[in-house]
Amino acid sequence: MDLFAYPVSLVMKFWHWALSFVVDPDSGVAWVGSVLLLVVTVRLLLLRSMWRQQYSMRKMAQLAPKMKELQNKYKDRKSPEDRQEQAKEMQALYADAGVNPLAGCLPLLVQIPVFLGLYYVLLNFSPPGKTIEEASQMTNGAFGPEQVSSFLNAEIFGVPLASYIRMPQEVMDSLHPGLVREDILMLAVPLFVLAGIATFINMWNSFRRQKAAKAAEQAALARVDAEERAGGPVVDGEVLEIDGEKPAAPTPATTGAAGAAAKPGDKPQDFQSMAEQMTESMNQSMKIMMYLFPFFPIVGAYFFNFPIAIGLYWLTNNIWTAVQSHIFMEKLEKELPMSSREGLPPSAFM
């Protein structure tokens, strides 16, 4: 864990040093500012990867109709040569669109060690099971005992940043003489509740965006299936004329697989139903997490002794996430609107 914590603590130490030219380095302002600027720095470093993640996800959704067309093209061709040719065409499709299917996973892999390091640093200013005197003699990542002692003495609204709800009274006395649990509760409860509410709002908005994007993707896929059955592009329920001629109505011979797919008990239809059930199950799991995860900062504040500094980090991080998501979605709607349909003539959009 030190491998992750050291670079994170180094950034925080830099901001504390920079703020010391403006305010007292031992003050709560300096340490609160270093925590907030640490969040800002980390999120700025991850900004490009997060944008690529959102961009790739949106681009992949827009490519869904073309992927469906490609699947339809090869659905009756099962030879190894055909499979290889299909894979090449899929890779070419991704390359032309400038999309990497793994781009959505890489930012998460980058974020995990960063945020683990953040939590480790903030929690270990006052590690559980250690007295304040013992903690003030320890190092914490890039922080020496002098900086650790300074952090332990830092306060916000008269409450130490290192304090937590279930802190033993003797530890409170050594940390800040005269400190009582009610003082900690007055700050910790609203802080962690706000952090939980902000978490819920972000997850709710993310769920709504994913649901809307999925609906748009499904609508595009349905149009592809409708066009395949109709023998040409379908706009407003009508088959679009090509060079002044409307495609002939499909016959059972031309619809083959499509017609067979509609028969009860057909295996492709069963597979599709299983896929839909799995998708629905995942959506239900997301809904459950959406309602459970926001309680984590509140539960952590009580059962896992999250200090006040963790609450500040959590709230700041969620505020950043909300603003960043809004900006990203506005930009994506301009660059990659979900209502568009590549491959159709301009009249198809009108």
Side-chain angles (χ1 to χ4, degrees), residues 4 7-8 10-12 14-15 34-67 90-119 121 195 197-221 282-283 286 289-290 293-294 297 312-343 349:
F4 303 146
V8 171
L10 198 60
V11 174
M12 186 176 173
F14 166 78
W15 284 118
S34 65
V35 171
L36 301 185
L37 288 170
L38 170 64
V39 175
V40 172
T41 302
V42 170
R43 295 306 299 265
L44 284 175
L45 291 173
L46 295 174
L47 192 64
R48 180 173 176 80
S49 64
M50 290 299 296
W51 167 251
R52 292 303 305 172
Q53 178 191 38
Q54 296 294 325
Y55 185 90
S56 293
M57 290 174 64
R58 178 65 67 96
K59 197 69 175 178
M60 289 289 291
Q62 286 196 328
L63 286 178
K66 291 188 176 182
M67 295 296 294
M90 289 177 65
Q91 292 176 0
L93 190 61
Y94 289 139
D96 291 341
V99 174
N100 182 355
L102 297 178
C105 303
L106 293 177
L108 180 62
L109 297 178
V110 174
Q111 290 177 64
I112 290 175
V114 172
F115 290 127
L116 284 176
L118 278 170
Y119 278 112
V121 169
I197 292 173
T199 302
F200 172 78
I201 292 173
N202 282 330
M203 296 189 71
W204 172 252
N205 286 333
S206 177
F207 179 77
R208 288 177 57 203
R209 286 193 296 267
Q210 290 180 19
K211 189 176 180 181
K214 190 64 178 178
E217 180 182 337
Q218 291 297 329
L221 295 177
M282 289 178 63
N283 288 337
M286 287 182 61
M289 289 299 297
M290 181 176 64
F293 193 70
L312 289 172
Y313 154 71
W314 204 306
L315 183 58
T316 305
N317 190 60
N318 274 282
I319 292 173
W320 181 283
T321 298
V323 175
Q324 176 180 284
S325 296
H326 176 75
I327 294 173
F328 279 5
M329 290 304 110
E330 291 287 326
K331 188 175 181 181
L332 283 172
E333 282 301 320
K334 293 178 181 178
E335 295 188 14
L336 301 171
M338 285 301 298
S339 58
S340 66
R341 172 75 191 285
E342 296 180 8
F349 300 108

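Since the structure is predicted, the reported quantities are computational estimates derived from the model, not experimental observations.
Aromatic ring orientation, Trp204 versus Phe200: parallel (interplanar angle below 30°, classes split at 30° and 60°).
The closest side-chain heavy-atom distance from Phe14 to Leu38 is not below 4.5 Å. With contacts defined as side-chain heavy-atom distances shorter than 4.5 Å, the pair Val11/Val42 does not qualify. Lys331 has its side chain within reach of Trp51: a pair of non-hydrogen atoms, C-beta onward, lies under 4.5 Å apart. Residues Thr321 and Arg43 meet the side-chain proximity criterion, which asks for heavy atoms closer than 4.5 Å.
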Report the C-alpha distance between Phe328 and Leu47 in whole Å, list the side-chain angles of each, state the deciding distance to 0.1 Å, and finish with yes or no for side chain to side chain contact (heavy atoms under 4.5 Å, CB included).
CA-CA 10 Å; Phe328 279 5; Leu47 192 64; 3.7 Å; yes
Could you walk me through whether Lys66 and Met90 pass the side chain to side chain contact (heavy atoms under 4.5 Å, CB included) test, one step at a time?
CA-CA 9 Å; Lys66 291 188 176 182; Met90 289 177 65; over 6 Å; no
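With Ser49 contributing its side chain and Leu46 its backbone, the two residues share a donor-acceptor pair below 3.5 Å. Counting only distance, with no hydrogens or angles, the side chain of Arg58 and the backbone of Leu336 share a donor-acceptor pair below 3.5 Å. Not a single donor-acceptor pair under 3.5 Å links the side chain of Ser206 to the backbone N or O of Asn202.
Annotation: the span from Trp15 atom CH2 to Met12 atom CE amounts to 13.0 Å, rounded to 0.5 Å. Here the straight-line distance linking atom OG of Ser325 with atom CD1 of Ile327 works out to 9.5 Å at 0.5 Å rounding. Distance check, rounded to the nearest 0.5 Å: NE2 of His326 to CD of Glu330 gives 4.5 Å. Atoms CG and CD, from Leu44 and Gln324 in turn, are 9.0 Å apart once rounded to the nearest 0.5 Å. Within the model, atoms CG of Leu332 and NZ of Lys59 stand 11.0 Å from one another, a figure rounded to the nearest 0.5 Å. Atoms CG and CG, on Leu118 and Asn317 in that order, are 8.0 Å from each other to the nearest 0.5 Å.
Under the rule for a ring pair (Phe, Tyr, Trp, His ring centres under 6.0 Å), the partners of Tyr119 that lie at least two apart in sequence or sit in another chain are Tyr313, Trp314.
The two residues Leu315 and Ala198 come nearest to each other via the heavy atoms CD1-CB, 4.3 Å.
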